[in-house]
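First up is the structure itself, then whatever we jot down about it.
Every number for a ligand or one of its atoms is a count from 1 in the order of the listing. Just so you know, these numbers come straight off a predicted model, no measurement behind them. All values below were derived from every heavy atom in this structure, side-chain atoms included, with hydrogens, water molecules and symmetry-related copies excluded.
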Amino acid sequence: MLRVENLGKRYRVAHQSPGNTMTLRDAIVDTAQSIVRRKPRVRSEEFWALDRVSFTVDQGERVGIIGRNGAGKSTLLKILSRITEPTRGKIELWGRVASLLEVGTGFHPELTGRENIYLNGAILGMSRSEIARKFDEIVEFAEVERFLDTPVKRYSSGMYVRLAFAVAAHLEPEILIVDEVLAVGDVQFQKKCLSKMEDVGASGRTVLFVSHNLSTVEALCTRGIVLQEGTLGFDGTAQAAVQYYLDAAYDLASSTALGLRRDRSGNGKVRVSHFRILDLNEAEVSVMQSGGDYLFEIGYQSTVNYPLHNVAVSLDIFDDRTNRLLLFRSNFTNENVSLFPSGGAIRCCVRDLPLASGAYRFSIFISHANAEVLDYITDVAPSIVEGGDFFGTGSGGLPNHCKILKRAEWSTV
Ligand SMILES: Nc1ncnc2c1ncn2[C@@H]1O[C@H](COP(=O)(O)OP(=O)(O)O)[C@@H](O)[C@H]1O
Ligand SMILES: [Mg+2]
């Protein structure tokens, strides 16, 4: 159905923040120079967003593509959808492709919902009467009846994605390609989409699907491909791919200094440079215990020569399938965080850690004035919770049954 051979995509980027080939000393000299000269040094660099990627997909396979931030997943889907050209290598596709990529691709903003449905059908090579037969089903699925004659540029992002998905999934493509955009919709709609994709696959059509939610990939896909910094790291069953990805994430988190990692987003004004878990005596711990009290310490370096006030810091805790369990966010409690140009550390104190025994994943998100993303990095440390006495009764909870522990009072009436 689909064959990709030795695919490569090279991008050229101009950037101000130090790349990972610099030593710490280079970075300091660089920062010092840019402060003295009062102008940032702009460097241009070429890199391969995809490099020597080869695989084939048979009819009816549902392929989950997973990989860290910046691994090249969207680039691969854009090449397969013929939105970008590969720099080298080739792709062969047998069949009509419908794709749902980032908001903004596929639909014409000035055209109405109705016109876009017909336009997309025509692009897929369907006749007017074929599209007309599918029309009501699409509108019903997308829940946009009232806005059918409104230009899609006036749609909310949720409406836009609902319609885009409905069009892509219902117009009977032989290959359906879906990027992470579904995360925009509400949970109810996401469920509807996932079951629709299952139907599409079950009816013998091929699905390529990018998701950062590993349980979704395990549930929906028959096959998994892991991309790592643009190369194909693993290709096998969905379950084996998820396990490979988890192991690689664990290795990365334990071996690479956070300040040097490239799988991050944000404008680079601030970079998380370390993450440590301390007990209340400020001693570093490697394994936490349920019910314990901890200081989560986020070290940062700043690349600007002025302080940043009104900063919001989030610490997210996920289970080992990337389901979000807890979110600690400084501005939930109106705490004002300021970051200094000299760098420093932010500490978040959590008492009575409500996690059952198991492996967890931490992400850090730092934004400025609630708008500008300064730094976002996932899997900052491999984190294990073991034992502990959350309830003070010797019962550790049942980790196979639940992940979050919470005390409750029981009575009979
Ligand atoms: N148009 C572009 N120009 C330059 N670099 C790009 C462009 N699009 C993506 N990249 C870079 O290519 C890499 C892969 O990006 P992407 O495919 O979006 O990753 P993913 O979807 O896995 O997070 C990233 O480092 C990203 O910054
Ligand atoms: Mg992407």
Side-chain angles (χ1 to χ4, degrees), residues 4 7-22 42-53 55 63-89 91 99-106 157 161 164-165 168 176-185 190 193 207-214 216-217 221 224-235 241-242 244-246 248-249 252 256 259-269 271 318 322 361 363-365 373-379:
V4 167
L7 202 64
K9 176 73 186 178
R10 188 175 53 208
Y11 283 124
R12 175 184 287 281
V13 280
H15 63 127
Q16 290 167 228
S17 55
N20 70 346
T21 50
M22 295 179 92
V42 178
R43 216 185 297 271
S44 153
E45 185 198 20
E46 280 191 342
F47 78 103
W48 292 89
L50 277 182
D51 193 15
R52 282 164 289 173
V53 172
F55 60 89
V63 184
I65 298 168
I66 53 185
R68 312 183 61 73
N69 205 350
K73 306 178 296 293
S74 297
T75 302
L76 175 62
L77 296 194
K78 277 187 213 154
I79 293 174
L80 295 177
S81 314
R82 305 203 190 275
I83 287 166
T84 14
E85 287 273 306
T87 311
R88 67 174 176 218
I91 56 171
S99 50
L100 180 57
L101 306 179
E102 290 133 33
V103 173
T105 52
S157 58
V161 168
F165 180 85
L176 175 63
I177 294 181
V178 181
D179 203 342
E180 267 169 325
V181 284
L182 287 185
V184 178
Q190 282 176 29
C193 294
V207 181
L208 268 75
F209 175 52
V210 167
S211 175
H212 61 270
N213 187 303
L214 303 175
T216 304
V217 169
C221 300
I225 285 178
V226 183
L227 287 182
Q228 282 173 321
E229 296 182 37
T231 64
L232 192 132
F234 184 89
D235 182 0
V242 165
Y244 177 90
Y245 176 77
L246 290 171
L252 181 72
T256 309
L260 297 179
R261 287 214 349 226
R262 304 191 62 161
D263 55 319
R264 65 204 309 149
S265 39
N267 61 16
K269 285 186 185 169
R271 272 188 162 220
F318 299 86
T322 337
R361 302 149 71 82
S363 296
I364 296 169
F365 182 88
V373 179
L374 297 168
D375 198 15
Y376 170 50
I377 182 163
T378 60
D379 288 310

- request: Taking both backbone and side-chain atoms into account, decide whether Asn69 has an N/O/S atom under 2.8 Å from the Mg ion (ligand 2).
  value: no
query: Gly72 to ligand 1: N or O pair under 3.5 Å?
result: yes
task: Flag the pair Lys269 / Val373 as yes when at least one side-chain heavy-atom distance between them is below 4.5 Å, and no otherwise.
output: no
- prompt: Are any of the heavy atoms in Gly67 under 4.0 Å away from ligand 1?
  reply: no
message: Out of all atoms in ligand 1, which are within 4.0 Å of some heavy atom of Asn69? Include the element for each.
response: 23 (O)
task: Report yes if Arg12 has an N/O atom closer than 3.5 Å to an N/O atom of ligand 1; otherwise report no.
output: no
query: Which ligand 1 atoms, with their elements, are less than 4.0 angstrom from a heavy-atom of Ala49?
result: 12 (O), 13 (C)
message: Quick check on contacts: which atoms of ligand 1 are under 4.0 angstrom from a heavy atom of Arg68?
response: 22 (O)
- prompt: So which of Thr378, Asn69, Asp375 actually passes side chain to side chain donor-acceptor pair (under 3.5 Å) with Arg264?
  reply: Asp375
field: Beyond-backbone contact of Pro86 with Ile91, side-chain heavy atoms, under 4.5 angstrom
entry: no
Whether Lys73 side chain and Arg68 backbone form a donor-acceptor pair below 3.5 Å: yes
- prompt: Quick one: does Ile79's side chain get under 4.5 Å of Leu7's, heavy atoms only?
  reply: yes
query: If you count the atoms of ligand 1 from 1 in the order shown, which ones are under 4.0 Å from a heavy atom of Thr75?
result: 14 (C), 15 (O), 16 (P), 17 (O)
Glu46: partners by side chain to side chain contact (heavy atoms under 4.5 Å, CB included), with sequence neighbours left out: Arg10, Arg12
